[in-house]
Chemist: 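Encoded as structure tokens, here's the structure I'll be asking about.
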Amino acid sequence: MNDLITTLNDALWGYVLIFALVGCGLWFTWRLRFVQFRMVGEMFRLLTDSAVDTVKSQTGTSPQEGRRKHISSFQAFAVSVATRVGTGNLAGVATAIAVGGPGAVFWMWVIALIGSATAFVESTLAQLFKQPHKDSFIGGPAYYIQRGLHQRWMAVLFAVLITITFGLSYNSIQSNTICGAMQQAFGWPPLAVGTVLALLGLVIVFGGIHRIAQVSAVLVPLMAVGYMLLALVIIVMNIGLIPHVLKVIVLDAFGIQQIAGGGIGATMMHGVKRGLFSNEAGEGSAPNVAATATVSHPVKQGLIQALGVFTDTLLVCSSTAFIILLSGLYSTPGLNGIALTQSALQSEVGTAGPVFVAVAILLFAFSSIIGNYYYGEANIRFITHDTRVITLYRVCSAGLMVLFGAFASLELVWSLGDLCMALLTACNLVAIVLLGRYAFRLLDDYRSQQRRGVREPTFHRSQLPELEADLTSWEQ
């Protein structure tokens with residue numbers, strides 16, 4: 001089973017999907033005239049953009065109404081970063097380094113720098129084709145495929161793939177990582193931890209104990225900040241070694257100096273895969289969150305989500321990478337995944353390191369289990385509202401796949417995740433390449449308004465007459 005999945009992964013990731021990701025990123029970067037670099041200042045300015053002000057300027061709605069019903073750019077940004085920061089940052093980076101060598105970190109940086117242009121395109125499209133839904137908006141690749149390409153079958157295919165990838169496969173990765181961390185830190189048996197996780201997850205997804213989800217929404221950002229601060233302290237303590245670490249990363253990235261990986265191909269493949277798992281640029285997941293924001297122009301949320309890619313990979317993933325490389329443990333045989341991150345921290349801060357990581361990964365990964373579940377449910381509801389299908393999905397997502405992750409091997413759950421991620425990403429890349437011209441036109445319009453002195457550019461669906469009938473969430 002594992003050999004078959006590995007073969008399929010090698011076929012998809014053996015340069016084909018890597019070239020597609022890098023090629024799309026470079027194409028979008030060129031066509032958007034390096035938007036992810038030249039508009040960084042605008043990205044940070046937009047973090048303060050208020051949904052209340054946007055609604056008032058567009059519709060005259062009162063501030064009270066705006067606060068009750070609308071999601072700001074920053075709120076959507078925070079949600080997307082919260083779903084990104086987790087297993088990929090702590091365990092995924094460790095796996096990339098252990099298998100692909102230190103040079104994998106370089107390719108993680110590359111995919112983040114050029115992938116942020118891809119993130120801009122997919123999130124701008126999600127905003128453009130979003131639909132009204134209850135108290136906010138709903139959207140994502142399934143919606144822009146159906147309304148932009150008018151290909152219902154492809155939209156359904158994407159919805160099925162993201163449900164399998166996030167709701168099922170990724171949840172087994174989260175569970176596997178939590179169980180591994182708890183066993184490393186406290187010696188708790190994985191099956192017992194997995195059973196508790198599954199029961200707790202089922203209680204939450206079936207509508208109970210909402211307070212757990214609310215508490216984790218507060219604790220996860222705090223834990224992320226704490227992890228960043230701890231990483232910063234470790235880097236400062238070893239500041240003299242940083243030039244050497246950077247040299248090792250660059251030399252290994254191009255196969256000049258092999259330390260822990262195979263050749264340049266393996267190094268690149270593992271760096272791109274783990275970078276994509278972490279920052280999700282081009283994968284089609286972040287647009288589901290980006291579509292919920294209330295903004296005056298689709299480009300605003302595209303810029304916000306591009307910033308999220310930088311935040312995730314260049315800050316959080318790099319922190320983990322430096323901790324591991326400074327420890328020198330990355331070439332230890334049999335040490336991989338979350339256990340490598342825990343051991344690296346233990347070598348720097350003592351026995352408190354593994355415990356800190358165990359608690360952090362519990363919060364990160366459990367919140368991701370819930371978030372992954374909702375990605376799947378939202379896309380199932382795009383296909384059908386049959387309660388039997390949704391109930392079956394809940395049992396599989398929060399129950400069976402969490403249990404599966406508890407006793408499955410690290411290699412198996414990550415291989416399954418990579419295969420699902422490859423299929424999902426391929427589907428989304430086809431869609432955004434075909435629809436990318438609308439993101440280009442929107443950015444040109446946004447910049448044109450700014451050059452005319454308009455501080456807060458606005459979009460009206462009449463600006464794209466060929467799509468006017470499909471853009472029901474925008475004023476005429």
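Because only heavy atoms are used, hydrogens play no part in the values below, and waters and symmetry mates are left out as well, while side chains stay in.
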Chemist: Could you state the interatomic distance from CD1 (Ile324) to OG (Ser319), rounded to the nearest 0.5 Å?
Modeler: 11.0 Å

Chemist: Please confirm whether the backbone N or O of Ser169 pairs with a side-chain atom of Ser172, one donor and one acceptor, at under 3.5 Å?
Modeler: yes

Chemist: Do Ile138 and Phe382 make a side-chain contact, defined as non-hydrogen atoms from C-beta onward lying under 4.5 Å apart?
Modeler: no

Chemist: Are side-chain heavy atoms of Phe322 and Leu246 found at a separation under 4.5 Å?
Modeler: yes

Chemist: For the backbone of Gly25 and the side chain of Thr29, can you confirm whether one donor and one acceptor N or O come within less than 3.5 Å of each other?
Modeler: yes

Chemist: Any donor-acceptor pair under 3.5 Å linking the side chain of Asn238 with the backbone of Ile235?
Modeler: no

Chemist: Could you state the interatomic distance from CD1 (Ile173) to CD1 (Ile178), rounded to the nearest 0.5 Å?
Modeler: 12.5 Å

Chemist: Is there a side-chain contact between Phe166 and Leu424, using heavy atoms and a 4.5 Å cut-off?
Modeler: yes

Chemist: With a 4.5 Å cut-off on side-chain heavy atoms, are Tyr170 and Met421 touching?
Modeler: yes

Chemist: Quick one, Ser175 and Val413 - any side-chain contact, counting heavy atoms below 4.5 Å?
Modeler: no

Chemist: Any side-chain heavy atom of Phe404 within less than 4.5 Å of one from Leu400?
Modeler: no

Chemist: Distance alone, cut at 3.5 Å: any donor-acceptor contact between the side chains of Thr163 and Asn379?
Modeler: no

Chemist: If the threshold is 4.0 Å, N to carboxylate O, is there a salt bridge linking Glu42 and Lys300?
Modeler: no

Chemist: Heavy-atom distance under 4.5 Å between the side chains of Thr351 and Val355, does that happen here?
Modeler: no

Chemist: Report yes or no: does Gln127 contribute a side-chain atom to a donor-acceptor pair with the main-chain N or O of Val299 at less than 3.5 Å?
Modeler: no

Chemist: Listed by chain and number, what are the side chain to side chain donor-acceptor pair (under 3.5 Å) partners of Gln342, not counting sequence neighbours?
Modeler: none

Chemist: Name all residues meeting the ring-ring contact (aromatic ring centres under 6.0 Å, His included) criterion together with Phe28; count only those two or more places apart in sequence or in a different chain, and write none if there are none.
Modeler: none

Chemist: So, using side chain to side chain donor-acceptor pair (under 3.5 Å) as the criterion, who are the partners of Tyr143 when residues are at least two apart?
Modeler: none

Chemist: Determine whether Phe407 and Pro190 make a side-chain contact, defined as any pair of heavy atoms from C-beta on separated by less than 4.5 Å.
Modeler: no

Chemist: Ignoring hydrogens and angles, tell me if any N or O in the side chain of Asn171 forms a donor-acceptor pair with the backbone of Gly167 under 3.5 Å.
Modeler: yes

Chemist: Say whether Asn428 and Glu122, considering side chains only, have a donor N or O and an acceptor N or O under 3.5 Å apart.
Modeler: yes

Chemist: Do the side-chain N and O atoms of Glu348 and Ser327 include a donor-acceptor pair separated by under 3.5 angstrom?
Modeler: no

Chemist: Using atom types as modelled and distance alone, determine if a side-chain donor or acceptor of Ser116 lies under 3.5 Å from a backbone N or O of Leu113.
Modeler: yes

Chemist: Tell me, please, whether Tyr373 has Arg394 positioned over its six-membered ring: NZ or CZ under 6.0 Å from the ring centre and within 45 degrees of its axis?
Modeler: no

Chemist: Under the 3.5 angstrom rule, does the side chain of Ser347 hit a backbone N or O of Ala344 as a donor-acceptor pair?
Modeler: yes

Chemist: So how far is it from Ile338 CD1 to Met182 CE, rounded to the nearest 0.5 Å?
Modeler: 10.0 Å

Chemist: Within this structure, what is the CG-CG distance for the pair Leu26 and Leu21, rounded to the nearest 0.5 Å?
Modeler: 11.0 Å

Chemist: Once rounded to the nearest 0.5 Å, what's the spacing between atom CD1 of Ile323 and atom CG of Leu329?
Modeler: 12.0 Å

Chemist: Can you establish whether the number of heavy atoms outside Phe44 located under 6.0 Å from its atom CZ is more than 12?
Modeler: no

